[in-house]
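The next block holds one structure in the form of structure tokens; read it before the comments.
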Amino acid sequence: MSTWEDNVRRVVPYVPGEQPKISGIIKLNTNENPYPPSPMVVRKQMELNNLRLYPDDKAAVLVEALADYHKVDSDQVFVGVGSDDVLAMAFMTFFNSDKEILFPDITYSFYDVWAKLLDIPYRQPALDENFRLVKEDYYGENGGIVFPNPNAPTSISEPVSFVEDIVGHNKDVVVIVDEAYVDFGGESALSLTDKYDNLLVVRTFSKSRSMAGLRIGYAIGSKKLIKYMNDVKFSYNSYTMNMPSQILGTESLKDDEYFQETVNKVIETREWFREEILKLGFECPKSSTNFLFMTHNNIAAGEIFEKAKANKIYVRYFNRPRIDNYLRVTIGTREEMEIFLGFLKSLLV
Ligand code: PMP
């Protein structure tokens, strides 16, 4: 009998939202932006050439552009293939103690997958009954901390003073703040990276910059943090970020007007849609993201999810403790949300 399977690293992978191949659907399940990237990005895409060459392993042009954009030094910027890649690298680099790392019980469901993959012990303090992080839960001894702000899938953000309190109580470990959704109304902790050399802020082009397909993520932190991350990254795979992503990501940063305009449209639609569903009896926390986290007393979330899908409307449902009666609904265009609203009304009559 062969025993090679005894030595296999066994993992239960993260399950991303569906990417259905059928046409004519309303896709509100993976927090993509309903608008295209900046026209400057679309134009630049036509000019791409030299695909036969390896990309710049250091992605220097994009790193410089991000440093300029955020007014930090270029050696304070790390880039990766989506923020998933950046976060995985950060886990690998910084979470190496025997102590448990901490992240909330309800949060981005990739964190526990990476922790298990990398054999990192972890504990998940419970959010309070209003789905808020409890800062005191993060004061004790630990091996590091990670949380999204705004949190997902709750959509709730905490002020930067809250983040500073947690970082201030944890100067002996690395604290990672995942700001995937911050552009839609959260307060960024970027300004704290000057003051705390153990704070890493992670961002993405996937949501507010409408570029999920290009897989661009980055982190900003002290020079020390970024050097340690690059040492790990370049010991693993040098050419991670492809050339089109480097060029088009840089182009996106040049068009701040379009960026602000798109983000504002999403926020406007979100606020309108939230008011409408509250009128229908849904409960839904105030969102600082491009999605809403909603529940109704009279109709089960799982049922809405299935029926919506049958009507070609895809939303996200997590069959997990505490949130199994909630839906996470990405904000689409006004027209898409009007159709979804009509569908919800038809369910509730
Ligand atoms: N963090 C959070 C909280 C997210 O919801 C997501 C999106 N799934 C990511 C990180 C990763 O996004 P990306 O890899 O596209 O940057």
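Read the numbers this way: they start at 1 and go in the same order the structure lists the ligands and their atoms. Just so it is clear, the structure is predicted and the values come from calculations on it, not from any experiment.
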Legend entry - Nearest-contact summary for atom 12 (O) of ligand 1 - protein heavy atom, Å: Ser83 OG, 3.3 Å
Inset, instruction - Considering only non-hydrogen protein atoms, determine which one is nearest to atom 8 (N) of ligand 1 and report residue, atom name and distance to 0.1 Å. - result: Tyr108 OH, 3.2 Å
Inset, instruction - Taking the six-membered ring for Trp and the full ring for Phe, Tyr or His, determine whether the centres of Tyr122 and Phe103 are under 6.0 Å apart. - result: yes
Legend entry - Flag for Ser222-Asp197: side-chain donor and acceptor within less than 3.5 Å: no
Legend entry - Residue, atom name and distance, where the atom is the protein heavy atom closest to atom 11 (C) of ligand 1: Asp84 OD1, 3.1 Å
Inset, instruction - Could you tell me the residue and atom name of the protein heavy atom closest to atom 4 (C) of ligand 1, and the distance to it rounded to 0.1 Å? - result: Tyr181 OH, 3.6 Å
Legend entry - Which of the ligand 1 atoms, numbered from 1, are nearer than 4.0 Å to a heavy atom of Lys207: 6 (C), 7 (C), 8 (N)
Inset, instruction - Measure the shortest side-chain to side-chain distance between Trp272 and Leu341 over non-hydrogen atoms and say whether it is less than 4.5 angstrom. - result: yes
Inset, instruction - Output all residues satisfying side-chain contact (heavy atoms from CB on, under 4.5 Å) with Tyr236, sequence neighbours left out; order by chain, then residue number. - result: Met89, Met92
Inset, instruction - Could you tell me whether Tyr228 and Phe78 have their ring centroids closer than 6.0 angstrom? - result: no
Legend entry - Close approach, Phe205 and ligand 1, non-hydrogen under 4.0 angstrom: no
Legend entry - atom 14 (O) of ligand 1: the protein heavy-atom neighbour that sits closest, reported with distance to 0.1 Å: Arg215 NH2, 2.7 Å
Legend entry - Pair Asp56, Tyr239: side-chain N/O donor-acceptor within cut-off below 3.5 Å: no
Legend entry - Interfacing atoms of ligand 1 (cut-off 4.0 Å, heavy-atom, Gly82): 14 (O), 16 (O)
Inset, instruction - Can you pull out the closest protein heavy atom to atom 1 (N) of ligand 1? Residue, atom name and distance to 0.1 Å, please. - result: Asp178 OD2, 2.6 Å
